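This report concerns only the one structure given below.
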Amino acid sequence: MKSLNKPNNLDASPEIVRLKRRFGMLYGMTAGLAFAVASWGWDGYMLSGSHAYFPWTMFITGMIFCAVIGGMAGWLTARFKSSLLGVVFWLISSLFFAWIMVALPLLINPIIASKIDPQLGLLLNYEKGVEFWFRFGVSLAWVVPFTLIVGVMQLPISEPAVFSTSIFGRITPLLFCIVVMSIGGVFTDNLINSHFRDGIAALDTTIQFVLDNKGNQNIDKDLSRKLHARSLTTVEEYVQESRHLFVSSFDSSLGELHILVKTDDHWIDCLVLYSQPVLCKMAVGE
């Protein structure tokens, strides 16, 4: 009988209990970080290459937020040692993941940017109620299946990993949640991020084309039309290599964007329709 009780006593020892809870927290933090990297990592990289203003703000903020929420869900699941409660904790975390997916670009990022550059804040016109809850619902529908998978599988795959003697055995649960949550993060990118990113990239490409062809008498007219270079005609003298782009307003479909272009001394307001620059002018108040 004693030999049969030994594993249970070992399993219940304070050191093992602490180890399981730490691993649960690590599991949750890894899941949150994977979601953040998939959601905003590529976005930040592409924005940084398109002269976006504060391109890494959402990535850094999202990583911190998701790591904390995921870590709490993972720790609580390990603390109560219940897969059923784990599902509840991870469902709650999915609410936060879905909320941050929408709130970062529409609420949090403009607030942070405005604090860093007050002049930018005066030019922003974000309508806070524009389909926020609808987009939150769509985001939640995308996120829930992946967080449920991670939550249901946490205890079955993480408990054996605690006692594993191999490195691969210990990191397998982490690799599992990285794959699952990364897929979830990639799916949510199309909700808001890609609309803003594509608009900024398209406008930056047009600006660079205009700069590269200043004074060029043999300009490629077909490419000029394709890039809508004429949209910059009235502000061409103010456009510079050193510039920063930031979405200042948008419609409910996110197809119509107003993008601010900051140069050394001026702010330019450009209308971009479905990633096609239409008209640029000096920003009001400039």
Side-chain angles (χ1 to χ4, degrees), residues 39-63 102-128 130 189 192-216 224 226-251 253-286:
S39 298
W40 300 290
W42 176 253
D43 185 66
Y45 173 76
M46 293 299 292
L47 287 174
S48 66
S50 299
H51 295 89
Y53 210 9
F54 312 118
W56 296 104
T57 303
M58 291 198 297
F59 176 61
I60 295 170
T61 306
M63 276 206 311
V102 180
L104 256 182
L106 300 186
L107 300 176
I108 300 174
N109 192 44
I111 291 175
I112 295 175
S114 298
K115 295 295 182 182
I116 299 174
D117 189 339
Q119 189 177 12
L120 170 64
L122 297 175
L123 298 172
L124 297 183
N125 182 27
Y126 278 43
E127 297 182 30
K128 297 179 181 178
V130 175
D189 178 70
I192 298 173
N193 293 347
S194 63
H195 296 279
F196 285 10
R197 180 177 65 245
D198 292 347
I200 288 175
L203 178 58
D204 187 64
T205 299
T206 300
I207 291 174
Q208 192 61 52
F209 176 81
V210 170
L211 288 172
D212 291 342
N213 287 277
K214 271 190 175 180
N216 183 5
S224 178
K226 182 179 178 181
L227 296 177
H228 303 272
R230 296 188 104 185
S231 62
L232 292 164
T233 301
T234 59
V235 296
E236 185 174 350
E237 61 182 296
Y238 301 107
V239 174
Q240 301 175 1
E241 286 285 352
S242 176
R243 58 188 182 274
H244 298 291
L245 283 66
F246 198 92
V247 175
S248 63
S249 67
F250 47 86
D251 68 348
S253 69
L254 302 183
E256 178 181 322
L257 305 177
H258 279 269
I259 299 177
L260 291 170
V261 181
K262 180 184 181 182
T263 60
D264 291 339
D265 303 311
H266 303 281
W267 289 90
I268 300 168
D269 180 15
C270 293
L271 172 62
V272 178
L273 293 178
Y274 296 95
S275 301
Q276 295 184 354
V278 176
L279 177 65
C280 292
K281 59 184 180 179
M282 302 309 295
V284 176
E286 172 62 29

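Only a predicted model underlies this, so the values are computations on that prediction, with no experimental measurement involved.
Scored by the side chain to side chain contact (heavy atoms under 4.5 Å, CB included) test, Gln276 finds His228 as partners (sequence neighbours excluded). For Ile60, the side chain to side chain contact (heavy atoms under 4.5 Å, CB included) criterion is met by Trp56, Ile64, not counting sequence neighbours. The side chain to side chain contact (heavy atoms under 4.5 Å, CB included) check on Asn193 picks up Trp40, Asp43, Met58, Met101, Pro105, Asp189, Arg197, with sequence neighbours excluded. Partners of Asp198 under the salt bridge (charged side-chain N to carboxylate O under 4.0 Å, His left out) rule, at least two apart in sequence or in another chain, do not exist in this structure. Take His258 and apply the side chain to side chain contact (heavy atoms under 4.5 Å, CB included) test, not counting sequence neighbours, and it matches Ser248, Ser249, Glu256, Asp269, Leu271. Looking at residues two or more places apart in sequence or on another chain, you find a side-chain hydrogen bond (donor to acceptor under 3.5 Å, both in side chains) between Glu241 and Gln208.
Aromatic ring pairs are classed by plane angle as parallel below 30°, tilted from 30° to 60° and perpendicular above 60°; the pair Phe250 and Tyr126 is perpendicular.
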* Step-by-step side chain to side chain contact (heavy atoms under 4.5 Å, CB included) determination, Val239 to Val261 -> CA-CA 8 Å; Val239 174; Val261 181; over 6 Å; no
* **Trace of the side chain to side chain contact (heavy atoms under 4.5 Å, CB included) decision for Arg243 with Ile268** => CA-CA 10 Å; Arg243 58 188 182 274; Ile268 300 168; over 6 Å; no
* To do: Mind running side chain to side chain contact (heavy atoms under 4.5 Å, CB included) on Lys262 and Leu120 for me, showing each step along the way?
  => CA-CA 9 Å; Lys262 180 184 181 182; Leu120 170 64; over 6 Å; no
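Between Ile116 and Phe54, some side-chain heavy-atom pair lies under the 4.5 Å cut-off. Using a 4.5 Å heavy-atom threshold, the side chains of Phe209 and Leu232 count as separate. For the pair Leu123/Phe246, no side-chain contact is recorded, criterion being any heavy-atom separation below 4.5 Å from C-beta on. Looking only at side-chain heavy atoms (C-beta outward), Asp117 and His244 stay at 4.5 Å or farther from each other.
Taking the six-membered ring for Trp, Phe59 and Tyr45 have ring centres at least 6.0 Å apart.
In this structure, the separation between OG1 on Thr263 and CD on Gln240 is 4.5 Å, given to the nearest 0.5 Å. Rounding to the nearest 0.5 Å places CD1 of Ile192 at 9.5 Å from CG of Leu104. The distance from the CG atom of Leu245 to the CD1 atom of Ile259 is 6.5 Å, given to the nearest 0.5 Å. Rounded to the nearest 0.5 angstrom, Cys270 SG and Ile200 CD1 are separated by 11.5 Å. Here the SG-CG distance, from Cys280 to Leu203, works out to 5.5 Å after rounding to the nearest 0.5 Å. Residue Met63 holds its CE atom at 12.0 Å from OG of Ser39, rounded to the nearest 0.5 Å.
Between Pro55 and Ser48, the closest heavy-atom pair is CB-N, 3.6 Å. Closest heavy-atom contact between Ser231 and Thr206: OG-CG2, 4.4 Å. Closest approach of Pro277 to Ala202, counting heavy atoms only: CG-O, 4.2 Å.
Remark: Lys214 NZ is packed, more than 12 non-hydrogen atoms of other residues, nucleotides or ligands lying under 6.0 Å away.
Side-chain N or O atoms of Thr234 include none that pairs as donor or acceptor with a backbone N or O of Lys281 at under 3.5 Å. Ser50 contributes no side-chain N or O that, together with a main-chain N or O of Ala52, makes up a donor-acceptor pair within less than 3.5 Å. In terms of modelled atom types and a separation under 3.5 Å, the side chain of Tyr53 and the main chain of Ala113 share no donor-acceptor contact.
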